[in-house]
*Asks:* 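What follows is a single structure, and I will ask about it in a moment.
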Amino acid sequence: MTSPDRDPGLVGLVEEARVVVCLGPGGVGKTTTAAAIAVAAALGGKRVAVLTVDPAARLKDALELPRNPGKLHRVPLPDGGVGTLDAILLDAKGIFDGLVRRLAPAPALAERVLANPVYRNVAGAFAGSDAYMALEQLLDIVTDGDFDLVVVDTPPASHALELFDAPERILALLNSRALEYLGEPVRILGGASSRLARGLLSAVLAGLERMTGLSLLSDISALATDFGAVTPGFRKRAEAIRDLLHDSTTRYVLLAAPDPHATRDILSFAAQVDRAGVTIDAVVVNRVMRFASDDAGAPHGSSAAREHDRVEPEAKRRWSASLARNLVACARDLDILRDAQRAVIEELEDGLLGADSAAGTGPRPRWVELPALSPAPTTLAGIVALARALQVGRARSTSAA
Amino acid sequence: MAGPRLVIVTGKGGVGKTTVAAAVAHAAVAARRRALLVEVATPGRLASVLDVPALESTPRQILDGLSAVALEETSALEELVHGLMPLRLLSRRLLSSETFRVIAAAVPGILEAALLARVVGWLEEVDRRGRPRYDVVVLDSPASGHSVPLLATPRTLSGLATVGPLGSVMRRTSRWLTDPALTRALVVAIPEDWAIAEAVELYESLRDGLDIPVGRPVLNGVFPRRFSRTDEALLQEAEASHTVDPQLLDAGRYFIARRNAAQAHTRALRGATRSRPLELPFLFSASMTWEDLGPLADALDTVLEPA
């Protein structure tokens, strides 16, 4: 078992980064943590932008995010903050449309593509997922905005490759003959395109057309033709995104939760990130339950045995039998929780920091454990408190909360 | 006294959908109803609860009265295309092409339609005596972001001219999904602000947006109530007088706080949905086996009662 270097928070990481990407499976608190890193860096004097994906309504309120996504919006910082913070809500639908408009050689062609009934769905298939849209949006912010740091929250993905493969996938698709095939679907059947095969394929497509009410064949072929003109622009951007993901000033933070049922997911996610050629720079274990007795260094796992000794006779006389019993039961159950949590954290440490860790051969990631805050931060002050726990940036904001 | 034939378990990722789906199946088996558990969500979780290496793409009996299956897009799409194309050789060729996948993805709702068509197929499957093969089909649906589009498919497609075999499957699916005697959707949350907000939104989009019969919301992971008001006062007193081990008091305080939080969340969920949540106890064991699901199944048995 390893004993990890408990790095002092994320201070250094944020100091040297231009882009911080928060990664992890769904439900581990990526959005909130991304917001906290951004707030802290802004309070430390940086000009920061944070790109959030699908935040809970109350976090949206906390950041005073505007209703319309896809627009940068200045977040008022508490007194004492010398930097700036802009927040933007991912507009997955809008960003692809915007790209088609920008990359098309003529406005009429762009409108034709956007009006094509097949376009909306094909666009999704090309891009793979919201993950790709987030990267396109990130590239825009980094290129067009004037920021010291951009923090990105990523969409929930069950597989890390959804994110890192997105540029490769769109490049592969654009470089392949898939678009040509789309223009002439019968070519799917390749050399064996006998008359019978063609007939059957046409029948299938005709069936699909009837089912959907779309004139698929002509729509697909029109889209393929029009899209050809937009392709070079997409190719350039996909390359730029790939470069940005592997840039020396891009940092990756992996979010995890001490949930025994999610450990396997997190470790396999980390292994996928490693295979994508990306180094995890920090691990944040979120929602760690803290118990006051943790600090006392009391031995664990034996409360049940020590039982009633710990209730003074005087208190016991006035208590019902069930009260003492229930209190002991609580301590026993908490021991189980605490042990389970410790086992999960050790498993994560082994998997992410150990010699043959999923995180690969690079320098060991920083390690931060965040307490489960009750209630979860839903105000700017709450996010500032979380940021302090992360030790991101130098807290100049002591007057904030 | 037939209860619902189809139970759809939905909710935000991380709230325990798979556990709840397995517990509903557990309750069905306990009530001697043959159940089919269908996993659409994270592959592997259900298999570990059921203690089998992996689920297959065709239903497989796990226990007496319980079968399970992993429903994934590729095999569902295959079934669909095989159904449409008379020659297996040709349909296989078509399916193996990357371009076909792009085209398939281009057709709005085709993947979702294929998934739902499989589920309806299982619901309508009969044994040799002509009785349904499964009394209850329990669907562990994908996280809320994906389950609403999935369940909206029949409605999305019904506005369009639907002829042919798929059209009729979609109409049948729609009848299944909107009939309160046949279907019950469960929205699962845990006592956390983000999960409650998401659950309320999901509840409304299923009930009001899609006309899917929604059962009582499910609040998973509720800490037990172990102390009365009097007890709480006594504990506070003990804290002031230092007559009880602080570690014990700490544990008590923690339980009371978690219990109070859960109650506040129950109230919020009830207020927003106008339906009393089903509370599932927090399970303290780190592992989760079929036997561990017993207490959850007991709390969920009303899910299988007639509307």
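We name chains A, B, ... by the order of the sequence lines, and we start the count at 1 in each one. Both backbone and side-chain heavy atoms feed into the values below; hydrogens, waters and symmetry mates do not.
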*Asks:* Can you name the nearest heavy-atom pair linking Ala23(B) to Leu296(B), along with the distance?
*Replies:*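 Smallest interatomic distance, heavy atoms only, reads CB-CB, 3.8 Å.
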*Asks:* If you compare all heavy atoms of Asp333(A) against all heavy atoms of Arg226(B), which two are closest, and at what distance to 0.1 Å?
*Replies:*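 Shortest heavy-atom contact: OD2-NH2, 2.5 Å.
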*Asks:* Looking at Arg253(B) and Asp250(B), is there a salt bridge between them, counting it only when a charged N and a carboxylate O are closer than 4.0 Å?
*Replies:*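 Answer for the salt bridge query: yes.
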*Asks:* Of the backbone (N, CA, C, O) and the side chain (C-beta and beyond), which part of Arg225(B) lies under 4.5 Å from a heavy atom of chain A, both, or neither?
*Replies:*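 Nothing of Arg225(B), per the 4.5 Å heavy-atom cut-off to chain A.
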*Asks:* Can you name the nearest heavy-atom pair linking Ala262(B) to Pro191(B), along with the distance?
*Replies:*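 In this case the closest contact between Ala262(B) and Pro191(B) is CA-CB, 3.9 Å.
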*Asks:* Which residue out of Ala195(B), Ser228(B), Gly252(B), Ala251(B) racks up the most heavy-atom pairs below 4.5 Å with chain A?
*Replies:*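 With the most close heavy-atom pairs to chain A, the winner is Ala251(B).
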*Asks:* Does any backbone or side-chain atom of Ala257(A) lie under 4.5 Å from a heavy atom of chain B? Answer side chain, backbone, both or neither.
*Replies:*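 Contact with chain B involves no heavy atom of Ala257(A) at all.
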